[in-house]
Amino acid sequence: MSKRFTPEVSVELPSVYDAQVSPDGALVAFVVADNFRRGGTKAPKMAPANIYSVSATGGPTKKLTNSERSDTMPRWSPDGSSLAFLSDREVDGQRQIYVLPRHGGEARKLTDIRGDIPSPRSLSPMSWAADGCFISFLKVDGETDEDRDRQSTGADEIVFEENHKYQRLWIVNIESGETRCVSPDGLQIWEATVSPDGARVAAVVSDLPYEGDWYLNRLVMFGIESDQVTVLYDEKRPAAKPEWSPDGASVVFLTSIYSDRGNDSGDLMLVPTTGGEPRNLTSDHGVSDHYGIFHEGGGAILTATNIHGGSGITTIDVQSGERTYLWNEKRGFSNFSRSSGVSRVSNSSDPVFAAVIDDPYHLPEVFSGTEVDGEIQWRILTDIHADWSGLDIGETREVFWDSNDGLRIQGFLQLPPGYTSGRIPVAMMVHGGPTGAVRFNFQDHHRWAKLISDSGIAVFLPNYRGSTGWGVPFAETNVGDMGGEDFQDMLAGLDHLVETGIADPERLGICGWSYGGFTAAWAVTQTNRFKAAIMGAGIADWRSFHGRSYLHVWDAIHYDDSDPYDLDSAHAAFSPINFVKNVQTPTLILHGEQDWDVPVEQGYQFFRALKDQGVDTRLVVYPREPHGVEEYEHQLDIAKRVRQWFEERLLD
């Protein structure tokens with residue numbers, strides 16, 4: 001029996017991620033987690049998650065941890081005898097490092113620290129040394145006894161941006177559990193990787209520890225036993241995801257003008273550790289790499305790559321920059337792991353790959369892969385989503401159109417179940433970032449597309465200029481022009497759907513979160529063609545955003561060094577609040593109360609302005625929630641409201 005894609009389904013589908021293959025290629029560890037936290041004010045600080053394993057050749061799945069809290073980040077020791085992971089099983093929200101025997105059993109607590117071990121988006125805060133003697137990890141300075149004493153007496157005033165809590169690099173000895181900080185004082189360590197000989201660190205750093213300072217970062221090198229810092233890269237484009245060459249002579253890293261830390265695809269750069277100019281290996285490749293790791297010989301770099309919304313694993317020759325595709329499909333994935341020793345699967349030194357892969361019609365599962373005749377052949381290993389196999393979903397179409405200036409743009413159209421032909425209502429869903437993308441995944445980031453389409457409304461998801469997947473030049477095309485030609489790309493895509501007989505021009509909607517929320521607000525001030533809009537965590541006034549958001553460096557950079565205090569600046573020209581008297585479209589506004597990316601007053605401002613203009617609007621604020629809403633009841637409320645808002649205004 002088929003199942004409707006209800007609000008409950010959109011929230012409750014579990015996440016499967018972080019597939020890590022053992023060094024001998026025999027086992028794959030991975031994480032299965034809820035996407036939410038339950039309990040309101042008593043909710044745990046992290047979503048429940050556990051670690052599983054499965055044979056790389058297939059077979060039953062084994063649950064390695066059984067925690068009611070959050071067990072994540074499985075990382076194999078270099079000899080494959082044990083698995084390190086992060087858990088807050090003892091103190092809610094305080095993660096420690098644990099080590100588990102290869103085949104399960106009792107985990108040994110390795111650290112006893114105070115301070116957050118972070119893991120934003122795709123970044124890994126923990127890794128083994130090559131010889132297996134220690135684990136390096138990032139940790140934010142914890143509360144001191146003095147901090148707690150002041151709070152207990154009420155003397156807890158905040159002197160803004162003066163009480164610096166740095167994120168530093170630490171190491172813990174595997175045998176003794178002794179921990180020590182190894183990064184120099186006065187440096188915020190955003191990312192770090194230890195050299196193969198265990199003596200040096202390549203790190204993405206800034207002088208101050210605030211999120212906005214990440215956009216001004218530089219790549220440096222320092223010794224584990226030395227405070228001497230050597231700058232390897234310091235340019236306008238931030239650095240991300242550094243990795244050492246096997247001989248320690250060079251470091252590969254990513255760069256682009258990004259909108260979000262951790263959500264960073266771009267060009268691969270190679271820089272010698274002895275000094276010299278970084279070399280761009282991929283400037284004209286027309287794709288976006290998520291990260292690169294060296295082949296064991298050092299002559300090539302393996303990449304995880306976004307290829308026009310699809311996925312690939314490629315090799316890039318270090319000398320020539322030539323790219324060879326080992327895998328290239330219209331499917332979704334974000335990262336992979338590979339074995340490093342003699343494989344028990346193939347009885348050779350050829351690596352075994354592991355990844356979590358999905359596509360528009362299949363939910364994410366764990367796969368293993370081996371290279372056959374120069375191409376990776378995948379084998380599915382798990383069936384985590386078996387209970388949801390009967391979901392009734394419609395066709396997902398890849399669509400192309402020419403924008404107003406002739407630039408070719410790609411996107412996706414999620415059709416309702418059972419659709420065959422004829423005009424139907426269409427809601428345009430704009431992805432966040434803007435340096436992000438819609439890809440060949442089962443679900444979009446906020447799980448709205450199939451939810452909305454279940455009501456009989458098609459969902460259009462454009463990869464407008466500024467998106468990743470087509471290389472850095474395309475991703476940076478909207479720098480200085482957010483809300484300009486990228487918005488015209490979106491409107492041209494809607495025109496294409498109208499011209500091809502799919503979209504009903506009288507029943508169009510728009511929605512999005514973050515940059516997508518900004519675009520929804522911008523759209524209703526620029527045109528009245530939309531009959532309903534949903535502004536999720538969106539920006540109404542770029543100048544007040546600059547003053548309150550902890551991303552305050554980003555907006556100035558992405559508006560090409562615009563001055564937020566200049567009345568003729570891009571900040572003013574693209575602020576929806578300045579054009580609010582044009583609005584007629586009914587607009588639902590959703591926002592997290594504790595959002596520091598896009599502060600909640602953006603929602604309040606736009607709501608008050610719309611109310612003052614007599615526009616049909618509603619503002620819903622979610623207590624305790626950051627930029628990404630985390631609590632179950634809040635996620636469910638959003639799913640129900642999004643669907644209902646469009647059903648009431650776009651359906652006959």
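Sequence positions, counted from 1, serve as the residue numbers for this chain.
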Inset, instruction - Might you work through the ring pair (Phe, Tyr, Trp, His ring centres under 6.0 Å) test for F367 and F353, ending with a clear yes or no? - result: CA-CA 8 Å; F367 287 72; F353 294 84; over 10 Å; no
Inset, instruction - Test ring pair (Phe, Tyr, Trp, His ring centres under 6.0 Å) on W378 and W327 and set out the steps. - result: CA-CA 10 Å; W378 294 104; W327 175 54; 5.3 Å; yes
Legend entry - T303 vs I313, side-chain contact (heavy atoms from CB on, under 4.5 Å): CA-CA, chis, key distance, verdict: CA-CA 6 Å; T303 73; I313 296 176; 6.0 Å; no
Legend entry - Check against side-chain hydrogen bond (donor to acceptor under 3.5 Å, both in side chains), T315 and H295: CA-CA 9 Å; T315 64; H295 267 300; 5.3 Å; no
Inset, instruction - Verify side-chain contact (heavy atoms from CB on, under 4.5 Å) between V16 and V366, making sure each step is shown before the conclusion. - result: CA-CA 8 Å; V16 183; V366 179; 3.8 Å; yes
Legend entry - Test log, rule side-chain contact (heavy atoms from CB on, under 4.5 Å), inputs Q377 and E371: CA-CA 6 Å; Q377 304 293 320; E371 190 176 334; over 6 Å; no
Inset, instruction - Applying side-chain hydrogen bond (donor to acceptor under 3.5 Å, both in side chains), run through D267 and S283 and close with a yes or a no. - result: CA-CA 6 Å; D267 277 344; S283 60; 5.6 Å; no
Inset, instruction - Begin from the C-alpha positions of V459 and W448 and carry the test side-chain contact (heavy atoms from CB on, under 4.5 Å) through to its verdict. - result: CA-CA 9 Å; V459 180; W448 288 1; over 6 Å; no
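A parallel orientation is assigned to the rings of F336 and F333, their planes being inclined by less than 30° (bins at 30° and 60°). The aromatic rings of Y464 and Y515 lie tilted to each other, with the angle between the two planes from 30° to 60°. Ring-plane geometry between W470 and H308 is classed as parallel, the angle between the planes falling under 30 degrees on a 0 to 90 degree scale with a further cut at 60.
A salt bridge between R237 and E235 is absent, with no side-chain N of the basic residue lying under 4.0 Å from a carboxylate O of the acidic one. The pair R75-D18 counts as a salt bridge, with a side-chain nitrogen and a carboxylate oxygen less than 4.0 angstrom apart. Ionic pairing of D402 and R408 is present here: one or more N-O contacts between side-chain nitrogen and carboxylate oxygen are shorter than 4.0 angstrom. A salt bridge links D24 with R102: the closest approach of a Lys/Arg side-chain nitrogen to an acidic carboxylate oxygen falls below 4.0 angstrom. Looking at D486 and R465, no side-chain N of the basic residue comes within less than 4.0 Å of a carboxylate O on the acidic one, giving no salt bridge. A salt bridge is defined here as a Lys NZ or Arg NE, NH1 or NH2 lying under 4.0 Å from an Asp or Glu carboxylate O, and D71 with R95 fails to meet this definition. The residues D289 and R323 are annotated as salt-bridged, a charged nitrogen and a carboxylate oxygen being separated by less than 4.0 angstrom. Between K330 and D359 there is no salt bridge, since no side-chain nitrogen of the basic residue lies less than 4.0 Å from a carboxylate oxygen of the acidic one.
At least one donor-acceptor pair under 3.5 Å links the side chain of S259 to the backbone N or O of G433. Between the D481 side chain and the E485 main chain, a donor and an acceptor come within less than 3.5 Å of each other. In this structure, H385 contributes its side chain and P364 its backbone to a donor-acceptor pair below 3.5 Å. Although no hydrogens or angles enter the test, the distance criterion places a donor-acceptor pair under 3.5 Å between the side chain of S339 and the main chain of V352. With hydrogens and angles ignored, the 3.5 Å screen pairs a side-chain donor or acceptor of E191 with a backbone N or O of K241. One N or O on the side chain of T6 and one on the backbone of V9 form a donor-acceptor pair closer than 3.5 Å. Between the R439 side chain and the D444 main chain, no donor and acceptor come within less than 3.5 Å of each other. The closest donor-acceptor contact from the side chain of S311 to the backbone of I307 lies at 3.5 Å or more, if one exists at all. Between the S514 side chain and the G516 main chain, no donor and acceptor come within less than 3.5 Å of each other. Panel note: side chain S124, backbone M126; a donor-acceptor pair is recorded below 3.5 Å.
When all heavy atoms of F646 and I510 are compared, the pair lying nearest together is CZ-O, 3.6 Å. Closest approach of S250 to L270, counting heavy atoms only: OG-CD1, 3.8 Å. Nearest approach of D264 to A240, heavy atoms of both residues: OD2-CB, 3.4 Å. The heavy-atom pair separating I293 from R338 by the smallest distance is CD1-NE, 3.7 Å. Taking both residues in full, the closest heavy atoms of Q635 and N35 are given as NE2-O, 2.9 Å, listed atom of the first, atom of the second, then distance. Contact record, R447 with V11: NH1-O, 3.7 Å, taken as the closest heavy-atom pair.
L302 CG to E296 CD: the interatomic distance, rounded to the nearest 0.5 Å, is 10.0 Å. Considering CH2 of W401 and CE of M490, their distance stands at 9.5 Å, rounded to 0.5 Å. Here the CZ-CE distance, from F253 to M269, works out to 5.0 Å after rounding to the nearest 0.5 Å. Note that CZ of F85 is 5.5 Å distant from CD1 of I51, once rounded to the nearest 0.5 Å. Note that the CD atom of E243 and the CG atom of L268 stand 10.5 Å from one another [nearest 0.5 Å]. Here the OG1 atom belonging to T255 is positioned 11.5 Å from the NZ atom belonging to K236, to the nearest 0.5 angstrom.
Residues passing the side chain to side chain donor-acceptor pair (under 3.5 Å) test with S337: none are found, sequence neighbours excluded.
Between Y632 and R37, every side-chain heavy-atom pair lies at or beyond the 4.5 Å cut-off. Side chains of F36 and V629 form no contact here, defined as non-hydrogen atoms less than 4.5 Å apart. Side-chain contact between I316 and T314 is present, with at least one heavy-atom pair separated by less than 4.5 Å. Proximity of P14 to W388: side-chain heavy atoms (C-beta onward) are separated by under 4.5 Å at one or more points. At a threshold of 4.5 Å between non-hydrogen side-chain atoms, the residues Y52 and L64 do not count as touching. Using a 4.5 Å heavy-atom cutoff, the side chains of V252 and S245 are not in contact. Annotation: side chain of R261 is in contact with side chain of W190 (closest heavy-atom distance under 4.5 Å). Looking at heavy atoms from C-beta onward, C511 lies out of side-chain contact with M428 at the 4.5 angstrom threshold.
Between F440 and F412, the distance separating the two ring centers is shorter than 6.0 angstrom.
Side-chain polar atoms of S127 and S136 form a donor-acceptor pair below 3.5 angstrom. K450 and Q443 form no side-chain donor-acceptor contact under 3.5 Å, judged by distance and modelled atom types alone.
In this structure, E398 places its CD atom where more than 12 heavy-atom neighbours from other residues, nucleotides or ligands lie under 6.0 Å away. Shown here is H362, whose NE2 atom has no more than 12 heavy atoms of other residues, nucleotides or ligands within 6.0 Å.
Annotation: cation-pi pair R643/F5 absent, no NZ/CZ under 6.0 Å from the ring centroid and within 45° of its normal.
With respect to H290, the side-chain contact (heavy atoms from CB on, under 4.5 Å) criterion is satisfied by exactly one of N335, N306, N263: N306.
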